[in-house]
Amino acid sequence: MVKMASQIFGELTFNKKAMNERLSKEIYAKLLSTVERGEPLDETIASDVAHAMKEWAIENGATHFTHWFQPQRGGTAEKHDAFLSYGSDGEMIERFSAKQLIQSEPDASSFPSGGIRSTFEARGYTAWDPTSPAFLLEAGDTKTLVIPTVYLSWTGEALDLKTPLLRSMKALNDSAIKLQKLLGNDSVKKMKVYGGPEQEYFLVSKELYDTRPDLCVAGRTLFGAPPAKGQQLEDHYFGAIKDKVMMFMEDFDIELYRRGIPSKTRHNEVSPNQFEIAPLYEEVNMAVDHNLQLMEIIRKVAEKHGLVALLHEKPFAGVNGSGKHFNWSLGDDSANYLEPSDSPSKNINFLLTLGAILLGVNKFGGLLRAVVADAGNDHRLGANEAPPAIISVYLGEYLARIMDEIEGIGTSVNEKSLENINLGVKNLPKVAKDTSDRNRTSPVAFTGNKFEFRAVGSSQNCSEAGTMLNLLVAYGYDEISRRLSAKKGGKVKENAILVMKDVLKETKRVRFEGNNYSEAWHKEAAKRGLPNAKNTPEALDLMLDKECVELFEKYGVLSKRELHSKVEIKLDAYIKIKDVELKAALNIAKTLVLPAVLEQIKLLGEAVKATSKSSAMATDLKVVSGLYGDIKAAIAGLEKAIALCEKEENLEKKAKLYAKNGANALVALRASVDEAETLVADAFWPMAKYQELLTIL
């Protein structure tokens, strides 16, 4: 009998149910006060929690435990230790102490640190994050207790992506509560930030994947002629799901449910063999941890079905790329501040939160571009399946008209068209939900009760997107609080509307309701002075702007040293990824493509000998022979570009050389190789073609 999702949900997770069953009421209450109310952890309970966690894990088959963290190289990291230890008489026992739960010491020298740690200074610490539940990692019959942690250097700097996220959550909490007190709301004690990453991915046949060294090494195809049938018929999006894919999705969902990951939606995406999974929304720290688990689980489940899950942002040229639309909202225990309401008292929070977002994006929008910048996402941003690199905010026609009304400009709006909206300085608007269309071209779009940050790449850790959104809104809330405090006389909520009038005038340049793909918008954005970083090196320049550094330091999210190290790590990763791609392309062209072209030349040469030098085959031979020469020349050009890049010692200049010279040389080589693919016999071509990769599973 197949179990319902609710019956297996969280069975591999040390969740509230497991805690409640194994901890005393007093200890459970103290732990919940940290998890749910953000109170400091009472370390006197750690021993009891560790014992309960160990007993639960062992009963479920675990033999080892690990501190699980998020280094800045991407992905996650873990080092497994057995529960095995010496007892008082020297006998072997299973032990898991409070110290082992709270802290561990992985080697910090081999993780990217941007100079914070060096090879001979190896000490780093992981520290338990009690707000994210421990879970069991399965590998066949082997189980390991996994404890989510932060990762810090011996000197206290953040070496991971979780720590800045948690810091930004505290900063946003403090700024939001400060504003609430100004509004007369003293009951709010803790803010909650919610996230929901919609994960896009491709599935390809493992057998075909193994013929593609570029997919294996670089995660994307470096070569590939366009297929006859791609996505031009628009027949895959939301189409009927193939049986093999459905069986994969079902197994995938089951594994997610067992980990307590609330998978909700699954469907075909735009490109053939592209799909999406979306969760129910959760508190943002949990949502990020769950998405990181999801990215590991999807690979394992795909392998069981003879498939490979591709999480690269642009594994195939000419078809839809993959993103991770990150849905974000915040509120307190009683309300989501981005949920429109008929209640004026709640709508003031809605309006001021919109204002805070607009202020943050207007001042520091370049930071949103910077946190999604990497080698993979550069191929996707600006294409017709992703927002452009210009950061703007979409509110929708309905909200835009309300904002115009508050601002005191624009055409008058009658009561009928706004469905009993009553506007004015003294009367707060009652806002209806889902009254406008969705703009799928906007990087930051309001979608009913949340904002959707659409620029996040499919392989990226959403911690950075969450951190930046939290930081920008904390800044916006504080700016509104400052302006509200400066107003003397009048009622505070009426003054809040007056503040909003000024905010809307100032942030007009980042609001855009049209087609973000259009050339007209790019020209208009330039007139408005909005940054438009075309690639990762350009985007990362924005992060080190003086005011940006001051913003991070003011809110305690990243110190100047941590921020500089982050940029250095990102640049170094970009360089290494581009270097791998270029050298993989060279190897493929030399050892696979050229031999295949030679086979075709040999075949045609023999045919010409048997017929006439003036035959059509002679013409074909000339064309293919010319392509062989073109590929050789392009290989030489790529080798020259690589040498130029490698010669440069300055990290920033080196990254820009890879972004320009290296990329251009690869494009030139690809053009010739892709043309050769259309002329060389299938029997000679060494790699699976796009048509196979995008149709066969």
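Keep in mind that what you see is a predicted model, and the values were worked out from it rather than measured.
Side chains of D374 and Q460: a donor-acceptor N/O pair is present below 3.5 angstrom, by distance only.
The minimum heavy-atom distance between Y209 and C216, with the atom names listed, is OH-CA, 3.3 Å. Summarising the geometry of T678 relative to A225, their closest heavy-atom pair is CG2-CB, 3.9 Å, with the distance given to 0.1 Å. Nearest heavy atoms, P272 versus G230: CG-O, 3.2 Å.
Centroid-to-centroid, the aromatic rings of F316 and Y690 come within less than 6.0 Å. The distance between the ring centers of H236 and F275 falls below 6.0 angstrom.
Between Y658 and L582, some side-chain heavy-atom pair lies under the 4.5 Å cut-off. Side-chain atoms of P71 and R73, non-hydrogen and from C-beta on, do get closer than 4.5 Å to each other. The closest side-chain heavy-atom distance from M295 to K324 is below 4.5 Å. The shortest side-chain heavy-atom distance between L571 and K654 does not fall under the 4.5 Å cut-off. Here the side chains of E599 and L603 are not in contact, with every heavy-atom distance at 4.5 Å or above. Using a 4.5 Å heavy-atom threshold, the side chains of L294 and L256 count as touching.
Under a 3.5 Å cut-off, the side chain of E677 and the backbone N or O of K689 do not form any donor-acceptor pair.
Electrostatic pairing of R266 and D253 counts as a salt bridge here, judged by a charged N lying under 4.0 Å from a carboxylate O.
Other residues, nucleotides and ligands contribute at most 12 non-hydrogen atoms within 6.0 Å of the NZ atom of K640.
The only option from F446, W328, Y194 that meets the ring-ring contact (aromatic ring centres under 6.0 Å, His included) definition with F451 turns out to be F446. Tested against D378 for a salt bridge (charged side-chain N to carboxylate O under 4.0 Å, His left out), the candidates K660, K534, K578, R369 yield a single pass: R369.
With values rounded to the nearest 0.5 angstrom, L367 atom CG is found 10.5 Å from L540 atom CG.
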